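Notes follow once the structure below has been shown.
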2 protein chains.
Amino acid sequence: MSDVQRSGCPINLTLEVVGDKWSLLIIRDLMFGNRRHYRELLGGSEEGISSNILADRLKTLLAAGIISREDDPSHKQKGIYSLTERGIELLPILAQMAGWGYKYLPVSEELGIRAKLLMDGGPRMWAEFMDELREIHLGVKKRRKAGPSVGERLQAAYQKIVAANKARTSNA
Amino acid sequence: MSDVQRSGCPINLTLEVVGDKWSLLIIRDLMFGNRRHYRELLGGSEEGISSNILADRLKTLLAAGIISREDDPSHKQKGIYSLTERGIELLPILAQMAGWGYKYLPVSEELGIRAKLLMDGGPRMWAEFMDELREIHLGVKKRRKAGPSVGERLQAAYQKIVAANKARTSNA
DNA sequence: CAAACTGCTTGCAAAACGAAAGCAGTTAGA
DNA sequence: TCTAACTGCTTTCGTTTTGCAAGCAGTTTG
């Protein structure tokens with residue numbers, strides 16, 4: 001993570017901040033996985049990030065103003081990581097990446113369902129989800145819509161597939 | 001560039017293919033810079049990619065089916081690199097990255113103008129530009145719209161700023 | 001009072017990166 | 001016809017990044 005700037009191109013600058021193999025996965029887990037503590041981020045995802053890499057990326061993301069950190073009142077050593085507004089606004093990038101990967105790469109059924117829902121929902125759904133993230137991470141009050149939130153819908157769809165697949169394999 | 005798969009998550013899989021500091025810049029140059037030959041890609045952009053890295057990334061992108069390569073009839077050693085359909089469909093990711101970078105990072109005026117136009121144009125403009133890319137890179141005939149193409153408009157806006165800034169500095 | 005858990009650091013080997021030079025062939029100009 | 005410039009890369013080698021494993025000081029739980 002050097003701080004040498006290669007060019008003033010917006011795509012290049014964005015890549016210099018989040019253009020590595022881990023940063024966006026950490027943000028994904030903050031967004032979709034409800035992981036807010038170091039240990040949750042460390043062990044929660046399937047990819048298995050190393051502790052030193054995670055620590056380094058969290059520093060970088062903090063320095064870039066994409067996440068923030070505050071102490072957890074319930075435990076003197078715990079920190080709570082939150083997305084900032086600019087972190088939340090990375091959602092469309094993640095959504096487009098998810099959509100492209102879903103379309104062209106060998107995505108697992110379980111992990112692909114959220115991508116599909118986000119694609120089908122389009123920018124309108126993304127905006128609603130970003131509002132929910134603002135409520136969760138920034139404490140911004142949101143006027144509640146009727147029915148389950150986007151986050152809940154994504155989670156429910158994921159759980160449904162997991163349950164269905166578990167039933168299938170245990171029956172076989 | 002190992003071929004170990006970390007997880008079946010669509011975002012992760014996408015990052016495994018284009019989640020490094022150079023691949024998306026190469027694609028950017030193919031899309032917006034009209035660079036189609038190795039030497040053009042090597043020297044054209046401000047970032048200055050090394051020849052070995054460029055060669056490696058071109059191989060990776062070829063293997064991933066994001067670009068294709070054919071011989072240039074005008075020169076026995078030249079190859080012409082083109083975007084495939086799945087390469088062209090990376091545009092929304094680049095556009096979102098450009099938009100985010102434009103909003104939050106110290107983008108230069110000259111290199112930021114395209115990002116701004118793409119943001120303002122939105123998905124509709126992206127779709128039109130993708131159609132133009134299909135014509136250029138895939139040879140797909142496009143029904144011509146009236147007026148300049150998206151590519152031409154982006155280029156013109158960029159040139160205008162370059163000219164304006166050149167005039168300013170030479171007058172100073 | 002011990003065991004488990006907290007965020008994170010350290011050591012070290014392996015892999016990736018990147019600048020520079022080089023190379024076999026091709027082409028353009030004199 | 002000879003040469004200089006150009007073609008798409010490859011090779012070499014020093015530096016940086018990655019990533020596994022272990023460790024650590026402090027905190028909380030039972």
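Since this is a predicted model, take the numbers as computed values, not measurements. Naming: A, B, ... by sequence-line order, numbering from 1 per chain. Side-chain atoms are counted along with the backbone in the values below, which use heavy atoms only and exclude waters and symmetry mates.
Taking atom CG of B:Leu25 as the reference point, atom C1' of C:dC17 lies 15 Å away to the nearest angstrom. If you take OH of B:Tyr38 and P of C:dC23, they are 17 Å apart, rounded to a whole angstrom. In this structure, A:Leu42 places its CG atom 14 Å from P of C:dC5, rounding to the nearest Å. When the C1' atom of D:dC9 is taken as reference, atom CG of B:Leu62 falls 13 Å away, rounded to whole Å. As rounded to whole Å, 12 Å separates atom P of D:dC9 from atom CG of B:Asp56. The CG atom of B:Leu54 sits 13 Å away from the P atom of C:dC17 (whole-angstrom rounding). Remark: C1' of C:dT26 and CZ of B:Arg39 are 12 Å apart, rounded to the nearest angstrom. Between the CD1 atom of A:Ile49 and the P atom of C:dG7 there is a distance of 14 Å, given to the nearest Å.
OP1 and OP2 of C:dG25 both lie 4.0 Å or more from every side-chain N or O belonging to B:Lys78. In this model, the phosphate group of C:dT9 is approached by a side-chain N or O of A:Lys59 to a distance below 4.0 Å at OP1 or OP2. The side chain of A:Trp22 contributes no N or O atom lying less than 4.0 Å from OP1 or OP2 of D:dT18.
Judged by atom type and distance alone, A:Ser51 reaches the base of C:dT9 through a side-chain donor-acceptor pair under 3.5 Å.
The stretch residues 64-73 of chain B touches DNA chain D through B:Arg69, each having a heavy atom under 4.0 angstrom from the strand.
Hydrophobic cluster membership differs between A:Ile136 and A:Leu154, with clusters built from Ile, Leu, Val, Met, Phe, Trp and Tyr side chains linked at under 4.5 angstrom. Under a hydrophobic-cluster definition in which Ile, Leu, Val, Met, Phe, Trp and Tyr are linked whenever side-chain heavy atoms come within less than 4.5 Å, directly or via other members, A:Leu24 and A:Leu42 are assigned to the same cluster. Under the 4.5 Å side-chain contact rule for hydrophobic residues, A:Ile53 and A:Leu25 share a cluster. Residue A:Met125 is grouped with residue A:Leu90 when hydrophobic side chains (ILVMFWY) are merged at heavy-atom distances under 4.5 angstrom, including chains of intermediate members.
Here the side chain of A:Thr14 pairs a donor or acceptor atom with the backbone of B:Met97 at under 3.5 angstrom.
Proximity of A:Ser51 to A:Tyr38: side-chain heavy atoms (C-beta onward) are separated by under 4.5 Å at one or more points. Put simply, the side chain of A:Leu111 reaches to within 4.5 Å of the side chain of A:Glu46, judged on heavy atoms.
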_Derivation and outcome, side-chain contact (heavy atoms from CB on, under 4.5 Å), residues B:Phe32 and B:Leu91_ = CA-CA 10 Å; B:Phe32 301 101; B:Leu91 173 72; 3.6 Å; yes
Which atoms of nucleotides 26-30 of chain D (N or O only) lie under 3.5 Å from a protein N or O atom, and what are those distances?
unit_1	atom_1	unit_2	atom_2	d
D:dG26	N2	A:Gln77	OE1	2.7
D:dG26	N3	A:Gln77	OE1	3.3
D:dG26	N3	A:Gln77	NE2	3.1
D:dT27	O4'	A:Gln77	OE1	3.1
D:dT28	OP1	A:Lys76	N	3.0

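Residues that satisfy the side-chain hydrogen bond (donor to acceptor under 3.5 Å, both in side chains) test with A:Gln155, not counting sequence neighbours, are A:Arg114.
In the set D:dT10, D:dT7, C:dC8, D:dT10 carries the atom at the smallest distance from any side-chain atom of B:Ala55. The side chain of A:Arg57 lies closest to D:dT18, out of C:dT9, D:dG19, D:dT18. Nearest to the side-chain atoms of A:Ile53 among the listed nucleotides C:dA19, D:dG8, D:dG19 stands D:dG19.
With the nearest nucleotide of DNA chain D identified for both B:Asn52 and B:Glu40, B:Glu40 has the one nearer the 5' end.
Relative to the six-membered ring of A:Tyr81, A:Arg36 misses at least one condition, a distance below 6.0 Å or an angle of at most 45° to the axis.
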